[in-house]
Colleague: 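Got a structure for you, written out below as structure tokens; questions coming shortly.
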Number of protein chains: 2
Amino acid sequence: MQTRTDGRLVRGDQTRRAVLRRAVDIASVDGLEGLSIGRLAGELEISKSGLFAHFGSKEELQLATIRAARRIYVDAVVEPALAVEPGFGRLWRLIESWLDYSQRRVFPGGCFFAKVSHEFGARSGPVHDFLVSVDREWLGLIEQCAAEARAAGELTADPTQLAFELNAFCESANLASLLRDEIDTVFSRARQSVRTRLEAAATPGATLPWA
Amino acid sequence: MQTRTDGRLVRGDQTRRAVLRRAVDIASVDGLEGLSIGRLAGELEISKSGLFAHFGSKEELQLATIRAARRIYVDAVVEPALAVEPGFGRLWRLIESWLDYSQRRVFPGGCFFAKVSHEFGARSGPVHDFLVSVDREWLGLIEQCAAEARAAGELTADPTQLAFELNAFCESANLASLLRDEIDTVFSRARQSVRTRLEAAATPGATLPWA
DNA sequence: AAACTAATAATACGACCGTTCGTATAGTTT
DNA sequence: AAACTATACGAACGGTCGTATTATTAGTTT
């Protein structure tokens, strides 16, 4: 056994990390099915069998890839928002972080979850179920932030409805940015929609974060 | 050569139609890559080589599948709206038709174009380009309907911005309906968002189609 | 240094992929 | 009836897929 660091084997864990880092990038462009073990091993210049041994099955690799993507997503989108105190400001920061996450291509294929959720949306099985739970987490978080802002008296709007709409703007901007050349135009249009929607939802007289 | 009917060969054309009808359904669930020639031939109980001969390449099959899906889409969504006279009513009908098209699963995997646009959004090539052009058509149509309503004095809003937002509600409802159990809830929430947005955009005093 | 174990590699397998080829059939044209 | 063409078929190709088995390397422990 290797020297342990926090309960994980060093050598194997490093390989695993390297594999997953590459895997999320590939999957964000070509999907979790397009993510083939042979291709992944080829790009990393390791053996297919050695890579396979880390996961035991393709499905396990896919699930591990989603977990890895989720971690990156949390770092890029959720954490920056949680650093802001609850209320209108946090809600706005959350959406702003998301748009930034998509726009600056944290994953080369745009939002990882938009991609693979569409890939597995109409199927069944563990991968689908996992993606459903991540989606629930995400929408729940927006909703919770909206509810906090409402509790603070900064917002008058149904949190569920508002969360649906803000998330819709994000998703739609992400796809449009993949299909159009003028990426910046797409995102500034989305930001405009977000601002307008939040202004309409804000309690009259409340100070708006972008003002 | 077979007896001709309107310039098309009868026997071969029937097969082609049957293939494409099945192809769009498969692709809406498993994508245009998941759409394999062997599987398609198997389900239709015809030979793989015979099917292949109709298209000459996988990519041609994919393009033909998109064309077929576009026809179905136009019939289900665009035509019903064009039957309404230009203005606020047509714009509303267009969006309503779309939500209905997704909700009643004209394609078993939800919106065909949402699915395959995400599949090919981050790639390049003829399939990507075709999907881009279809997306442009669609958003252009919403925008045009909004512009007509504005010209008729029924609406005060930037058509581009409004089109982006309405389309976002549609796309987002489609995905959410694939990931959640409560499909009807999802769509009634989307309809609520559409109505509210259109009310805000309407010229004061205008009669609203759903009232 | 020997024993042990975790990590990686080599090799092979059957299944399916898109594609090609040669051939048979069926319907049309002359 | 003969020539021709569209359509479909079965078999096979090289390649890649996910997976299993077996061997080899590297690192730790004793």
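Convention: sequence-line order gives letters A, B, ...; per-chain numbering from 1.
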Colleague: Rounded to whole Å, please give me the gap between CD in B:Gln14 and C1' in C:dA26.
Modeller: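 In whole Å, C:dA26 C1' lies 14 Å from B:Gln14 CD.
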Colleague: Quickly work out the A:Leu44 CG to C:dA9 P distance and round it to whole Å.
Modeller: 11 Å
Colleague: For B:Leu51 and C:dC16, give me the distance from atom CG to atom C1', rounded to whole Å.
Modeller: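 So the two atoms are 16 Å apart, to the nearest Å.
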Colleague: Counting distance only, does the side-chain N/O of A:Ser102 pair as donor-acceptor with the main-chain N or O of A:Leu99 below 3.5 Å?
Modeller: no
Colleague: Can you tell me how far P of D:dT7 sits from CZ of B:Arg17, to the nearest Å?
Modeller: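 Atom-to-atom, B:Arg17 to D:dT7, this comes out as 13 Å.
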Colleague: Which nucleotide sits closest to the side chain of A:Ala53: C:dT8, D:dG10, D:dT7?
Modeller: C:dT8
Colleague: Any side-chain N or O of A:His54 below 4.0 angstrom from OP1/OP2 of C:dT8?
Modeller: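 Indeed, a polar side-chain atom of A:His54 lies that close.
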Colleague: Can B:Arg123 be said to sit on top of B:Phe120's aromatic six-ring, NZ or CZ under 6.0 Å from centre and within 45° of the ring axis?
Modeller: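 Positive - B:Arg123 is close enough to the ring of B:Phe120 and near enough to its axis.
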Colleague: How many Å lie between CG on A:Leu40 and P on D:dT16, as a whole number?
Modeller: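 So the CG-P distance, A:Leu40 to D:dT16, works out to 16 Å.
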Colleague: Decide if atom CZ of A:Arg21 counts as having more than 12 heavy atoms of other residues, nucleotides or ligands within a radius under 6.0 Å.
Modeller: no
Colleague: Is B:Glu137 paired with B:Arg70 through a side-chain N to carboxylate O contact shorter than 4.0 Å?
Modeller: yes
Colleague: Is it true that B:Glu43 and B:Arg22 make a salt bridge, defined as a side-chain N closer than 4.0 Å to a carboxylate O?
Modeller: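 Between B:Arg22 and B:Glu43 there is a salt bridge, with a charged N closer than 4.0 Å to a carboxylate O.
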Colleague: Any base atoms under 4.0 Å from B:Ile46, or only sugar-phosphate, or nothing? Heavy atoms, all strands.
Modeller: sugar-phosphate
Colleague: Tabulated below should be each protein N or O lying under 3.5 Å from an N or O of nucleotides 17-24 of chain D; please produce it.
Modeller:
unit_1, atom_1, unit_2, atom_2, d
D:dC17, OP1, A:Ser36, OG, 2.6
D:dG18, OP1, A:Lys58, NZ, 2.6
D:dG18, OP2, A:Ile37, N, 3.0
D:dG18, N7, A:Lys48, NZ, 3.2
D:dG18, O6, A:Lys48, NZ, 3.3
D:dT19, OP2, A:Lys58, N, 2.5

Colleague: Ion pair present between A:Asp75 and A:Arg71, side-chain N to carboxylate O less than 4.0 angstrom?
Modeller: no
